[in-house]
Amino acid sequence: MKLNLESLKDSKAWEGYRLFSFDHDKVKKNTQERPEWVHFGAGNIFRIFPAGLCQKLLNEGVMDTGIIVGEGFDGEIIDKIYTPHDCLTMGVTLKADGSIDKEVIGSVTEAVKCDPTSEKEWAVLEKAFRSPSLKMVSFTITEKGYALYQPNGELFRFYVSDFEKPLAEAGMFLCRLVRLLNERFTSCAAPLALVSMDNCSHNGEKLRSAVVKIAETYAAKGELSPEFVAYVSDESKVAFPWSMIDKITPRPDASVAKMLADTGFEDTEAVITSKNTYIAPFVNAEEPQYLVIEDSFPNGRPALEKSGVYLTTRDTVNRVEKMKVCTCLNPLHTALALSGCLLGYTLIADEMKDEDLSKMVSILGYTEGLPVVVNPGIIDPKAFIDEVLTKRIPNPFMPDTPQRIATDTSQKLSIRFGETVKAYMAGGLDVSSLKVVPLVYALYMRYLLAVDDNGNEFTLSPDPMTSTFQPMLKDVKLGCEGPFDEILKPMLTNEKLFGLDLTATPLAAKVVEDFASLVRGKGAVRDTIHAIVG
């Protein structure tokens with residue numbers, strides 16, 4: 001069985017696989033004539049989640065147009081995955097009982113590189129943006145994709161370079177997006193919703209800020225009109241709904257490829273692009289999934305609520321996002337990532353078999369997080385943690401690693417833990433009662449030594465601040481007895497790292513104490529965690 005439209009004609013050969021039930025040719029024609037949904041970011045999370053939602057609506061006859069997807073970062077995804085397989089994806093859902101659900105997702109009708117030098121592909125996007133029928137442009141470009149400024153407040157050099165060029169020659173994806181928006185404005189000026197579906201706080205606000213800044217910059221140079229700037233700044237014309245997305249989608253896994261191959265599916269070979277994107281004709285992901293979107297669509301929208309999406313207010317999206325990111329999932333993941341790297345784990349699920357680590361995340365979620373979580377109303381926080389700790393993280397068939405989750409940890413601590421500390425302080429709760437939060441802070445510092453609990457060196461996951469913080473600990477070796485107060489002070493006072501100046505709280509002393517315990521020697525990480533949670 002090959003993943004292409006011709007192979008699907010022999011439906012008997014695909015027994016055990018769910019195939020789409022809509023007329024693919026008709027949907028493709030409809031999409032070309034009156035597109036409703038464009039998506040940017042052609043990676044794995046899109047292919048199995050938003051594309052899967054669209055497929056559900058197509059199968060049920062609720063929609064009759066598909067998705068045009070554009071890729072603005074890694075064009076090899078289009079050339080090596082989408083084009084050879086007729087824009088089809090093999091979606092593999094990994095269930096906790098060891099079974100897999102296999103669905104051929106065909107809701108993507110065209111896939112193109114977001115590159116004006118590829119004239120035919122760029123024309124597809126221009127035509128879609130000129131179409132008054134276009135209702136929604138969604139994004140999964142990662143949080144970094146929205147960043148114009150460095151942590152020090154200066155523009156990234158690639159935006160400095162772009163802003164020196166005419167807009168038509170700009171290379172950054174968001175500059176090209178602004179070109180497409182201007183194409184829409186000058187052709188029809190129809191309203192539109194730009195929906196970030198990336199897993200970051202206030203994602204719609206980040207996208208809006210970047211788009212408006214770029215528009216203003218080129219308007220100041222005389223390349224764009226003040227009227228266009230007013231258009232993208234007016235959320236009754238161009239809306240930027242906030243959203244919360246949650247679905248764990250690891251890299252394509254060899255064990256999943258074998259399970260597919262055993263059933264006769266041939267296209268299992270993964271691709272690693274020159275930009276280090278791991279992708280394959282199939283996508284493997286967990287079963288639970290959540291997508292909550294602010295219901296702000298000035299040109300109408302697909303009936304997303306019929307596919308399981310929560311449509312709600314911005315305040316509710318914000319509460320759900322804070323519930324997940326600050327309490328019920330992301331902090332637990334970060335705690336397991338750091339401890340897992342130090343204790344030699346290579347699978348997150350295996351960590352939940354470790355009594356100390358299981359206790360650690362239970363305390364972090366139930367005891368330390370729940371007292372300050374705001375119930376969003378549409379999802380119960382305790383039930384969410386229950387699902388995370390009993391079904392999602394322990395799923396032995398989810399090939400997710402602590403090393404992947406440890407990526408960019410320095411960018412996560414302020415939100416995933418700092419918000420809890422600030423909520424304790426604002427609510428008059430006893431900050432000194434927290435024991436796992438300061439432990440995680442100390443684990444991060446211990447992790448920066450790049451030496452595991454057995455004294456073996458390991459490679460740190462990519463993180464933009466490693467080069468800043470790791471040198472601060474250059475004199476710390478296993479067996480050092482301190483004192484560590486002055487060594488750690490530059491980190492403890494760093495509000496961007498932890499969300500607040502920890503030296504202004506009782507937690508600083510705890511972090512220093514925990515760090516001292518963690519570096520006592522081989523086995524100290526295990527002993528410290530056990531002592532704190534036991």
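Values below: all heavy atoms of this structure, side chains included; hydrogens, waters and symmetry mates excluded.
Partners of Ile272 under the side chain to side chain contact (heavy atoms under 4.5 Å, CB included) rule, at least two apart in sequence or in another chain, are Asn276, Tyr278. Judged as a side chain to side chain contact (heavy atoms under 4.5 Å, CB included), and not counting sequence neighbours, the contacts of Asp86 are Asn4, Leu5, Leu88. For Phe129, there are no ring-ring contact (aromatic ring centres under 6.0 Å, His included) partners two or more places apart in sequence or in a different chain. Qualifying ring-ring contact (aromatic ring centres under 6.0 Å, His included) partners for Tyr447, counting only residues two or more places apart in sequence or in other chains: Phe458. Applying the ring-ring contact (aromatic ring centres under 6.0 Å, His included) rule to Phe20 yields the partners Phe22, His24; only residues at least two apart in sequence or on another chain are considered. Every residue was checked against the ring-ring contact (aromatic ring centres under 6.0 Å, His included) condition with His333, not counting sequence neighbours, and none meets it.
In this structure, Glu321 contributes its side chain and His202 its backbone to no donor-acceptor pair below 3.5 Å. Under the 3.5 Å distance criterion, the side-chain polar atoms of Asn375 are left unmatched by any main-chain donor or acceptor of Pro381. Within the 3.5 Å criterion, the main-chain N or O of Thr277 finds no donor-acceptor partner in the side chain of Arg251. Counting only distance, with no hydrogens or angles, the side chain of Thr31 and the backbone of Val27 share a donor-acceptor pair below 3.5 Å. Checked by atom type and distance alone, the side chain of Thr273 pairs as donor or acceptor with a backbone atom of Lys275 at under 3.5 Å. Judged by distance alone, with hydrogens and angles left aside, the side-chain atoms of Lys221 form a donor-acceptor pair with the main-chain N or O of Lys165 at under 3.5 Å. Lys496 places no side-chain N or O within donor-acceptor distance of the main-chain N or O of Ser410, the cut-off being under 3.5 Å. Under the 3.5 Å distance criterion, the side-chain polar atoms of Arg176 are left unmatched by any main-chain donor or acceptor of Gly72. Within the 3.5 Å criterion, the main-chain N or O of Pro35 finds a donor-acceptor partner in the side chain of Ser133. The backbone N or O of Lys213 lies less than 3.5 Å from a partner atom in the side chain of Thr217, making a donor-acceptor pair.
Taking 4.0 Å as the cut-off between side-chain N and carboxylate O, Arg179 and Glu183 do not count as a salt-bridged pair. Ion pairing between a basic and an acidic side chain is recognised when a charged N comes within 4.0 Å of a carboxylate O; Lys422 and Glu419 show such pairing. Salt-bridge check for Asp64 with Arg34: passed, with a basic side-chain N closer than 4.0 Å to an acidic carboxylate O. Under 4.0 Å is where a charged nitrogen must lie from a carboxylate oxygen, and between Lys412 and Asp408 no such pair does.
The two residues Leu336 and Pro402 have their closest heavy-atom pair at O-CB, 4.0 Å. In terms of heavy-atom proximity, Arg314 sits nearest to Glu294 at NE-OE1, 3.0 Å. Considering all non-hydrogen atoms of both residues, Leu502 and Ala508 come closest at O-CB, 3.3 Å. What you find for Ala147 and Phe156 is that their closest heavy atoms are O-CD1, 3.7 Å. Nearest heavy-atom pair, Pro490 versus Met472, reported as atom, atom and distance to 0.1 Å: CB-SD, 3.9 Å. Looking at every heavy atom in both residues, Pro331 comes nearest to Arg416 through CG-O, 3.2 Å.
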message: Show, in sequence, the C-alpha distance, side-chain angles and deciding distance for Asp295 and Glu305, and conclude whether the side chain to side chain contact (heavy atoms under 4.5 Å, CB included) test is met.
response: CA-CA 10 Å; Asp295 197 356; Glu305 72 280 2; over 6 Å; no
task: I would like to know whether Leu167 and Cys175 meet side chain to side chain contact (heavy atoms under 4.5 Å, CB included); could you show each step before the answer?
output: CA-CA 7 Å; Leu167 180 57; Cys175 291; 4.2 Å; yes
message: side chain to side chain contact (heavy atoms under 4.5 Å, CB included) for Leu370 and Lys382? Distances and angles first, verdict last.
response: CA-CA 7 Å; Leu370 276 184; Lys382 183 181 181 302; 4.2 Å; yes
- request: Show the numbers, then the answer: is there a side chain to side chain contact (heavy atoms under 4.5 Å, CB included) between Met90 and Val104?
  value: CA-CA 5 Å; Met90 176 59 67; Val104 178; 3.6 Å; yes
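In this model, no donor atom of one side chain and acceptor atom of the other lie less than 3.5 Å apart for Thr313 and Asp315. Judged purely by distance below 3.5 Å, without hydrogens or angles, the side chains of Glu76 and Ser274 pair a donor atom with an acceptor atom. In this model, no donor atom of one side chain and acceptor atom of the other lie less than 3.5 Å apart for Thr249 and Asn44. Checking Asp463 against Thr409 by side-chain atom types alone, no donor-acceptor pair falls below 3.5 Å. Under 3.5 Å, the side chains of Glu103 and Gln55 contain a donor-acceptor pair of N or O atoms. Side-chain polar atoms of Trp37 and Ser138 form a donor-acceptor pair below 3.5 angstrom. Inspection of the Asn59 and Ser21 side chains reveals an N or O donor paired with an N or O acceptor under 3.5 Å. Side-chain polar atoms of Arg130 and Ser187 form no donor-acceptor pair below 3.5 angstrom.
Using cut-offs of 30° and 60° for the angle between ring planes, the Phe185 and Tyr231 rings count as tilted. By the 30° and 60° cut-offs, the orientation of the rings of Tyr146 relative to Phe139 is perpendicular.
Residues Lys206 and Asp198 fail the side-chain proximity criterion, which asks for heavy atoms closer than 4.5 Å. In this structure the side chain of Leu304 reaches within 4.5 angstrom of the side chain of Met136, judged on heavy atoms. The side-chain heavy atoms of Phe384 and Asp246, taken from C-beta on, include a pair separated by under 4.5 Å. With contacts defined as side-chain heavy-atom distances shorter than 4.5 Å, the pair Val372/Tyr424 qualifies. Contact annotation: the side chain of Leu207 approaches that of Leu174 to within less than 4.5 Å [non-hydrogen atoms, C-beta and beyond]. A heavy-atom distance below 4.5 Å is found between the side chains of Leu180 and Trp122. Using a 4.5 Å heavy-atom cutoff, the side chains of Tyr82 and Arg47 are in contact. Proximity of Arg208 to Glu235: side-chain heavy atoms (C-beta onward) are separated by under 4.5 Å at one or more points.
The neighbour count for Lys135 NZ, taken as heavy atoms of other residues, nucleotides or ligands under 6.0 Å away, is above 12. No more than 12 heavy-atom neighbours from other residues, nucleotides or ligands sit within 6.0 angstrom of NZ on Lys306. Annotation: Lys237, atom NZ; neighbour count of heavy atoms from other residues, nucleotides and ligands within 6.0 Å does not exceed 12. Residue Lys29 places its NZ atom among 12 or fewer non-hydrogen atoms of other residues, nucleotides or ligands, all under 6.0 Å distant. Residue Lys120 places its NZ atom among 12 or fewer non-hydrogen atoms of other residues, nucleotides or ligands, all under 6.0 Å distant.
Tyr290 does not carry Lys324 over the face of its six-membered ring by the limits of under 6.0 Å from the centre and within 45° of the normal.
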